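Keep in mind the model is a prediction, meaning the values are calculated, not measured. Along the sequence shown, the residues carry numbers beginning at 1.
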Amino acid sequence: MDQQKLDRAIGRRLKTLRTQAGMTLNELAARSGVSRAMIGRVERAQSSATAALLGRLCAALDVSLSDVVALAEKPPERLVRLADQPHWRDPDSGYRRRHASPTDAASGIEIIVVDLPAGARVPYSPWGRNAFTQQLLMLQGAIAVHIDAKAVRLREGDCLDFDVMRAVIFENETKQDARYVIITRRGASYGQM
């Protein structure tokens, strides 16, 4: 890859990471000690970033240098076939998740397909740093989503928008398995539900 293409790829990747972190140029500048103008020039590939400058930006974004450079050397995947989508199963609850979207998609959006067995309960603690918002779209069955002390019951076709700044519990209170999709965009959070 020639230097101009690499500079463009690094600039795009840095802008994506900054956006996913929910940071403005000013916020990243304050956190990294790199001027807003320089960050803008790097993101627009008008200037080649040094390792020291990239190191300061990466530290402020909570990512490694290789996360930026290695991913910049190849374009983000646009297609991931069903057979290639990573699956994971929780040994305690039987909860199954499939990462349907391409890893590190250029859009910053993650799409996760979840199968929650009848009677299963999956709790999550609040996120401190790098919190995000998500939407849940019920495909099949019914579940309850507990956000702090409030329970929201969802049926097929319902869609819930919520953040992970508070404790969240996904619970299938029924006798049938449930399937839903979680759509996440990193770096943005909403207020109280």
* Reference residue Asp115; test side chain to side chain donor-acceptor pair (under 3.5 Å); the match among Gln140, Arg98, Arg179 ->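 Going through the options one by one, the only one that passes is Arg179.
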
* Can Phe162 be reached from Leu116 by stepping across I, L, V, M, F, W or Y side chains whose heavy atoms are under 4.5 Å apart? ->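 Yes, it is one cluster - the side chains of Leu116 and Phe162 are joined through contacts under 4.5 Å.
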
* To do: Tell me whether Leu139 is reachable from Ile111 by hopping between hydrophobic residues (I, L, V, M, F, W, Y) whose side-chain heavy atoms are closer than 4.5 Å.
  =>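 Looking at the clustering, Leu139 is in the same group as Ile111.
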
* Asked: Does the side chain of Glu171 pick up a donor-acceptor pair with the side chain of His146 at under 3.5 Å?
  ->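 Yes, because at least one side-chain N or O of Glu171 sits under 3.5 Å from a partner of the opposite role on His146.
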
* Are Asn26 and Thr24 close enough that a side-chain donor and a side-chain acceptor fall under 3.5 Å? ->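 Looking only at side-chain atoms, Thr24 and Asn26 do not form any donor-acceptor pair under 3.5 Å.
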
Do [X] and [Y] come close enough that some side-chain heavy atom pair is under 4.5 Å?
X      : Y      : answer
Thr184 : Thr133 : no
Ile39  : Ser32  : yes
Arg121 : Ser93  : no
Leu14  : Leu61  : yes
Met138 : Leu136 : yes
Tyr95  : Phe170 : no
Lys15  : Arg44  : no
Ile169 : Val145 : no

Minimum-distance pair of heavy atoms, taken over all atoms of [X] and [Y]:
X      : Y      : value
Ala29  : Ser35  : CB-C, 4.1 Å
Met38  : Ser47  : SD-OG, 3.9 Å
Pro117 : Arg96  : CG-NH1, 4.1 Å
Leu25  : Gly40  : CD2-N, 4.2 Å
Ala118 : Lys175 : CB-C, 3.4 Å

* Under 6.0 Å from the CD atom of Gln176, do we count more than 12 heavy atoms belonging to anything else shown? ->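 No - once you tally the heavy atoms of other residues, nucleotides and ligands closer than 6.0 Å, there are 12 at most.
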
* To do: Would you indicate whether Arg155, at its atom CZ, is surrounded by more than 12 heavy atoms from other residues, nucleotides or ligands within a distance under 6.0 Å?
  =>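 Count not over threshold, so no.
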
If you round to the nearest 0.5 Å, how far is [atom2] of [Y] from [atom1] of [X]?
X      : Y      : atom1 : atom2 : result
Glu156 : Leu137 : CD    : CG    : 9.5 Å
Leu154 : Cys159 : CG    : SG    : 8.5 Å
Leu160 : Arg153 : CG    : CZ    : 13.0 Å
Arg13  : Thr16  : CZ    : OG1   : 6.5 Å
His99  : Asp84  : NE2   : CG    : 13.0 Å
Tyr180 : Gln135 : OH    : CD    : 15.0 Å

* When you check the gap from the basic side-chain N to the acidic O, do Glu43 and Arg18 get nearer than 4.0 Å? ->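 A salt bridge is present here (some side-chain N lies under 4.0 Å from a carboxylate O).
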
* Heavy-atom donor-acceptor pair, Asn172 side chain to Thr174 backbone, under 3.5 Å ->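 Pair found, side chain donor or acceptor close to backbone of Thr174.
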
